[in-house]
Novice: 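Encoded as structure tokens, here's the structure I'll be asking about.
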Amino acid sequence: MIKFLDWDTDFFGVKCGKAILEGALSDAEWEEFLLEQKDYDFVSIVNKGCDPSNAVRISADTTAFLADTNVQLSKPVEDVESPDGVVVQEALPYNEDFLKLTVFEHSKFFHDKKLFARGGAKVYEQWLKNSFGKEGKFFAYVANLGYCLFSADGKNCVIELIRVSDKARGKGIGKKLLKAAEHFAHSKGLTTLSVGTQLTNTGALNFYISCGQRIVRADSTYHLWNI
Ligand SMILES: CC(C)(COP(=O)(O)OP(=O)(O)OC[C@H]1O[C@@H](n2cnc3c(N)ncnc32)[C@H](O)[C@@H]1OP(=O)(O)O)[C@@H](O)C(=O)NCCC(=O)NCCS
């Protein structure tokens, strides 16, 4: 039930696991979870669809705390025009400018003090670094002003990260970046464009909705520490 997380274990230096709870768990499944979690230092528990009975079990039987509520949005891919001034590139070489733009203050890695102490603030930076030069990872960007990292998962185009520099916000750049990703997705025969963001990131949520995205699900993530 709990999956060992290689990357996180390596990055945070503690044994990390992840449990994805799909629908209300039975008593037997919950007992299995309670037994397995003892083998980990840290478990990220994703309660898909914020199932209330799972939420009650987590609060009643563990010391886990709610670290994040992630909102998933999606839209059908349409045949949109390629926006002016945006470059789309696969396997983009390392780019220091993108790193300078990368601060995601709504992240659960910021707010969990134990993760923060283990480098949580650098997770998105690392995510970006790992995406440079990689086949299957695409960047839509406007030099020095903003970028959008995306990839394909089956027929779904997933927006992984998007950031516009503070000084350039509200000028339509974010919308252009999403449009460039959608144009690309259409040219590759992908059918949906999806993205996830934190419930606390109301600015991003309103931005995505303005760009035609609709909310499809919310998942709550709890952090369980055994050390
Ligand atoms: C979210 C972000 C990418 C938006 O980029 P942007 O260039 O400022 O957005 P745009 O100017 O293209 O705005 C497009 C639309 O979204 C709306 N919008 C953008 N930011 C908004 C906000 N904070 N609140 C409400 N609406 C917003 C605009 O009003 C506009 O609507 P319209 O087309 O109906 O006029 C940018 O604010 C950002 O980089 N934020 C920090 C990083 C972040 O949170 N990324 C998302 C993590 S999942």
Side-chain angles (χ1 to χ4, degrees), residues 44 46 48 50 66-89 92 95-112 115-116 120-132 137-153 156-185 190 192-221:
S44 172
V46 181
K48 285 243 176 180
C50 302
L66 180 63
D68 177 43
T69 299
N70 187 274
V71 180
Q72 290 292 318
L73 302 102
S74 183
K75 79 180 286 296
V77 167
E78 290 166 47
D79 186 7
V80 293
E81 276 185 26
S82 171
D84 291 338
V86 182
V87 180
V88 176
Q89 197 174 334
L92 187 84
N95 187 318
E96 188 76 32
D97 294 337
F98 288 15
L99 285 176
K100 285 184 197 145
L101 290 175
T102 304
V103 186
F104 289 92
E105 55 278 4
H106 291 276
S107 150
K108 58 189 175 236
F109 305 110
F110 260 71
H111 300 297
D112 181 326
L115 289 184
F116 187 82
K122 300 250 174 210
V123 166
Y124 285 104
E125 189 180 313
Q126 199 57 45
W127 184 344
L128 192 62
K129 279 183 183 165
N130 291 345
S131 304
F132 288 129
K137 297 281 185 184
F138 300 88
F139 282 93
Y141 66 94
V142 178
N144 298 316
L145 297 181
Y147 70 86
C148 169
L149 168 66
F150 62 98
S151 56
D153 178 16
N156 183 28
C157 178
V158 183
I159 304 298
E160 297 189 23
L161 299 172
I162 182 165
R163 181 99 193 175
V164 171
S165 86
D166 295 357
K167 62 177 190 311
R169 289 195 194 157
K171 296 176 180 167
I173 294 174
K175 199 169 209 168
K176 275 189 176 190
L177 294 171
L178 278 191
K179 211 168 229 178
E182 184 167 1
H183 176 79
F184 182 86
L190 306 183
T192 50
L193 185 71
S194 69
V195 66
T197 193
Q198 296 83 7
L199 184 61
T200 50
N201 196 349
T202 51
L205 278 171
N206 284 321
F207 160 71
Y208 291 130
I209 289 166
S210 289
C211 294
Q213 294 278 342
R214 290 296 171 262
I215 294 170
V216 290
R217 206 183 60 241
D219 303 326
S220 38
T221 297

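All ligand and atom numbering here is 1-based and tracks the order in the structure. Just so it is clear, the values below take in all heavy atoms, side chains as well, and ignore hydrogens, waters and symmetry mates.
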Novice: Would you check whether Ala204 has a nitrogen or oxygen atom less than 3.5 angstrom from a nitrogen or oxygen atom of ligand 1?
Specialist: no
Novice: Is any side-chain N of the basic residue among Glu96 and Lys100 closer than 4.0 Å to the acidic one's carboxylate O?
Specialist: no
Novice: Decide whether an N or O pair under 3.5 Å exists between Asn201 and ligand 1.
Specialist: yes
Novice: Run the ring pair (Phe, Tyr, Trp, His ring centres under 6.0 Å) test against Phe207 and tell me which residues pass, sequence neighbours left out.
Specialist: none
Novice: Can you give me the closest heavy-atom contact between Asp219 and Lys48, atom names plus distance?
Specialist: OD1-CA, 3.3 Å
Novice: Have a look at Gly170, Gly174, Ser210 and point out the one with the heavy atom closest to atom 17 (C) of ligand 1.
Specialist: Ser210
Novice: Counting each atom of ligand 1 from 1 as listed, which ones have a heavy atom of Gly172 under 4.0 Å away?
Specialist: 10 (P), 11 (O), 12 (O)
Novice: Could you name the option among Phe207, Tyr208, Tyr147 that has the heavy atom nearest to atom 19 (C) of ligand 1?
Specialist: Phe207
Novice: Could you check Phe98, Phe132, Tyr141 and say which one makes a ring-ring contact (aromatic ring centres under 6.0 Å, His included) with Tyr147?
Specialist: Phe98
Novice: What heavy-atom pair brings Leu193 and Leu178 nearest, and what distance separates the two atoms?
Specialist: CD2-O, 4.4 Å
Novice: Could you say whether the N/O atoms of Thr202 and ligand 1 ever approach to under 3.5 Å?
Specialist: no
Novice: Closer than 4.0 angstrom: is that true for some heavy atom of Gly196 and an atom of ligand 1?
Specialist: yes
Novice: Apply side-chain hydrogen bond (donor to acceptor under 3.5 Å, both in side chains) to Glu81 and list each qualifying residue two or more places apart in sequence or on a separate chain.
Specialist: none
Novice: Determine whether the side chain, the backbone, both or neither of Lys171 has a heavy atom under 4.0 Å from any heavy atom of ligand 1.
Specialist: backbone
